[in-house]
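Sequence lines set the chain letters: A, B, ... in the order given, protein chains first and strands last, and positions in each chain run from 1.
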There are 2 protein chains.
Amino acid sequence: MTTRVLVVDDDAHILRAIRIHLTACGYAVRTAQTGRAALRASAAEHPDLVLLDLGLPDLDGTAVIAELRSWSTVPIIVLSARTDGADKINALDTGADDYLTKPFSMPELLARMRAAVRRSGSPTDRDMVVATMDFSIDLAAKKVLSRTGEQVHLTPTEWAILEILVRDRGALVSQRRLLSEIWGPTYRTETNYLRVYLAQLRRKLEPEPARPRYLITEPGMGYRFQD
Amino acid sequence: MTTRVLVVDDDAHILRAIRIHLTACGYAVRTAQTGRAALRASAAEHPDLVLLDLGLPDLDGTAVIAELRSWSTVPIIVLSARTDGADKINALDTGADDYLTKPFSMPELLARMRAAVRRSGSPTDRDMVVATMDFSIDLAAKKVLSRTGEQVHLTPTEWAILEILVRDRGALVSQRRLLSEIWGPTYRTETNYLRVYLAQLRRKLEPEPARPRYLITEPGMGYRFQD
DNA sequence: AGCGGTCGTTAGGGATGCGTCAAGATCGGT
DNA sequence: ACCGATCTTGACGCATCCCTAACGACCGCT
């Protein structure tokens, strides 16, 4: 299992240097040069680690961290040229996991990356199959079986929504997180989509689609999978 | 819930200085001057965080980390006078979560401690579930269960208020803070809102809404969640 | 006793959010 | 180029929630 890293920096040279190093060490590298691009890439690719430079042209670095943290728990290591202590504290308190001041040594960065990935490692080792009274969901095989045992066909988008809700079953998932993870951060207000797809999921899964029992709406906040 | 920190250093002066700082910041501090004492204290007290100096008289620092990691996942932050890069990498790869080189700034250490503790808070965080005799509040899942086990439905505004009060449970929260955080700084005088929503929360949570036991009013000051 | 201030309670109108349906638009495979 | 599956987009009715205002109760103060 290769670790996927998203590297964010506005300087193309640094980007290239880091990419070469990390690729040589066995990481799968994606890059972004702006804050918005970083958010888009995070939502689309779900990297296992983010290396973030604070000096971006479009967004403040802490704003990127805050936005990311509103729906993701991916480890974030900040790389910054600023030696100011206040920047460090701000970044860490906003949600960054580590902070390195440029120039840094490559071996140290690699060690801190290993530490960050190790820490975040596999809290998702939960049961891969979730069974209810009316259907069962196999997260590993990406299959849904009805009570009679026949397979329920889900479209890719339907599956994406169901997977997020089931992975955090019982917990409330904000519509912002759903929209960010599936359509990208720019669609945060298109709650239309969620209404449509939740209706479709209910029609396929719920015994009484009009009175949902598993796919619960929490008005104004989000949705919840109740098993 | 106060965070318990184990500070390990062979220099009694440094130990004392750190203890004073951390205690002032609300941490519960235990100290140890040797590697063996540190391991003993970890096993006995299960601290939430370990601050570890590498230059110990009896054991090598990395040995302490390895021993600790053989049975515990407690966050470890290494404090060391050694600037050698190899030490850093060794410590991090053995299982340390962070590494600060002396001398470091106290605000930075505190920020990194907050980051480390935040990360270690697993989804099944104990602090995230507040149980009383009449209901239980799951802050992570945004769920309230009544004593009979059925879910209590709260509106977004009700949740926002309850969340703030419960996060600082036991402490007095001023009406100005509640109004500022939920409706924005311009609504600081609309204490009407609070009266209405506190009444709704009491009707949903309190066994005797007319005689509140959990959602206490401190006249002229603010509100308090008493568990 | 009278009075001003703060708090609790209630109820209703307006705004917002949700479920539903259906019609284009887009994509992918034959 | 066609066709089915899937994804977007808009519109409508309906339920719910937020805000607001009004009234009464309970203090401390003059």
Side-chain angles (χ1 to χ4, degrees), chain A residues 43-44 142 144 151-163 165 172-184 186-226, chain B residues 142 144 151-163 165 172-176 178-184 186-224 226:
Chain A
K142 288 192 190 289
V144 177
Q151 190 163 338
V152 180
H153 175 73
L154 297 186
T155 72
T157 308
E158 287 164 5
W159 179 259
I161 293 177
L162 186 64
E163 185 170 4
L165 291 178
L172 182 128
V173 180
S174 73
Q175 12 191 23
R176 281 186 54 186
R177 188 181 145 201
L178 287 169
L179 290 165
S180 289
E181 284 209 44
I182 297 171
W183 284 275
T186 57
Y187 287 73
R188 270 180 318 186
T189 57
E190 303 286 338
T191 59
N192 258 335
Y193 299 0
L194 295 179
R195 296 208 295 275
V196 172
Y197 283 104
L198 262 296
Q200 288 179 2
L201 279 171
R202 285 177 180 136
R203 208 173 315 133
K204 293 183 179 181
L205 298 179
E206 294 274 1
E208 279 185 286
R211 223 164 301 119
R213 178 187 160 180
Y214 302 103
L215 297 162
I216 311 290
T217 301
E218 300 281 356
M221 306 204 287
Y223 293 89
R224 172 201 314 278
F225 184 87
Q226 189 83 277
Chain B
K142 286 201 195 302
V144 176
Q151 195 160 332
V152 180
H153 177 76
L154 297 186
T155 72
T157 309
E158 287 163 5
W159 248 113
I161 294 176
L162 186 64
E163 191 169 356
L165 292 178
L172 172 72
V173 180
S174 74
Q175 343 189 21
R176 284 186 46 190
L178 286 169
L179 290 165
S180 293
E181 286 205 36
I182 298 170
W183 284 274
T186 57
Y187 287 74
R188 270 183 306 195
T189 56
E190 303 285 339
T191 59
N192 252 332
Y193 299 0
L194 295 178
R195 294 207 293 276
V196 171
Y197 284 105
L198 262 295
Q200 288 180 2
L201 278 172
R202 285 177 180 136
R203 203 175 324 133
K204 292 182 179 181
L205 298 179
E206 295 275 0
E208 280 185 285
R211 246 183 309 282
R213 177 186 162 184
Y214 302 103
L215 297 161
I216 312 289
T217 301
E218 302 280 355
M221 318 265 300
Y223 294 89
R224 168 203 316 278
Q226 188 82 277

Figure out the [atom1]/[atom2] separation between [X] and [N], and round it to whole Å.
X: R202(A); N: dC21(C); atom1: CZ; atom2: P; result: 13 Å
X: L215(A); N: dG19(C); atom1: CG; atom2: C1'; result: 14 Å
X: E206(B); N: dG8(C); atom1: CD; atom2: C1'; result: 13 Å
X: L179(B); N: dT20(D); atom1: CG; atom2: P; result: 12 Å
X: Q200(B); N: dC7(C); atom1: CD; atom2: P; result: 17 Å
X: L198(A); N: dG17(C); atom1: CG; atom2: P; result: 16 Å
X: L194(A); N: dT20(C); atom1: CG; atom2: P; result: 14 Å
X: I182(B); N: dC18(D); atom1: CD1; atom2: P; result: 11 Å

So which nucleotide from [options] ends up closest to the side chain of [X]?
X: Y223(A); options: dG19(C), dT8(D), dC18(D); result: dG19(C)
X: V196(B); options: dT9(C), dT8(D), dG8(C); result: dT9(C)
X: Y193(B); options: dC17(D), dC19(D), dT6(D); result: dC19(D)
X: R195(B); options: dA11(D), dC7(C), dC18(D); result: dC7(C)
X: Y197(B); options: dT20(C), dT6(D), dC18(D); result: dC18(D)

Original post:
For L179(B) and T189(B), which heavy atoms make the closest approach, and how far apart are they?
Top reply: CD1-N, 4.3 Å
**OP:** Assign each of G220(A) and R203(B) to its nearest nucleotide of DNA chain C by heavy atoms, then name whichever residue's nucleotide is nearer the 5' end.
**Re:** R203(B)
Original post:
Short question: side chain of E206(A), backbone of R213(A) - any donor-acceptor pair under 3.5 Å?
Top reply: yes
Original post:
Given the rule in the side-chain contact (heavy atoms from CB on, under 4.5 Å) test, do L165(A) and L201(A) qualify, once you have shown the distances and angles that lead to the verdict?
Top reply: CA-CA 12 Å; L165(A) 291 178; L201(A) 279 171; 5.5 Å; no
Can you check whether [X] has a side-chain N or O nearer than 4.0 Å to OP1 or OP2 of [N]?
X: T155(A); N: dC7(D); value: yes
X: T157(B); N: dC18(D); value: yes
X: H153(A); N: dT6(D); value: yes

Original post:
Which is true for Y187(A) with a 4.0 Å heavy-atom rule: it touches a base, it touches only sugar-phosphate, or it touches nothing?
Top reply: nothing
Original post:
How would you label the contact of Q175(B) with the nucleic acid (heavy atoms, under 4.0 Å): base, sugar-phosphate, or nothing?
Top reply: sugar-phosphate
Original post:
Mind checking whether F225(A) and Y214(A) have parallel, tilted or perpendicular rings, split at 30° and 60°?
Top reply: parallel
Original post:
W159(B) and E163(B): side chain to side chain donor-acceptor pair (under 3.5 Å), yes or no, with the steps?
Top reply: CA-CA 6 Å; W159(B) 248 113; E163(B) 191 169 356; over 6 Å; no
**OP:** Starting from the 5' end of DNA chain D, give me the residue, W183(A) or E158(B), whose nearest nucleotide shows up first.
**Re:** W183(A)
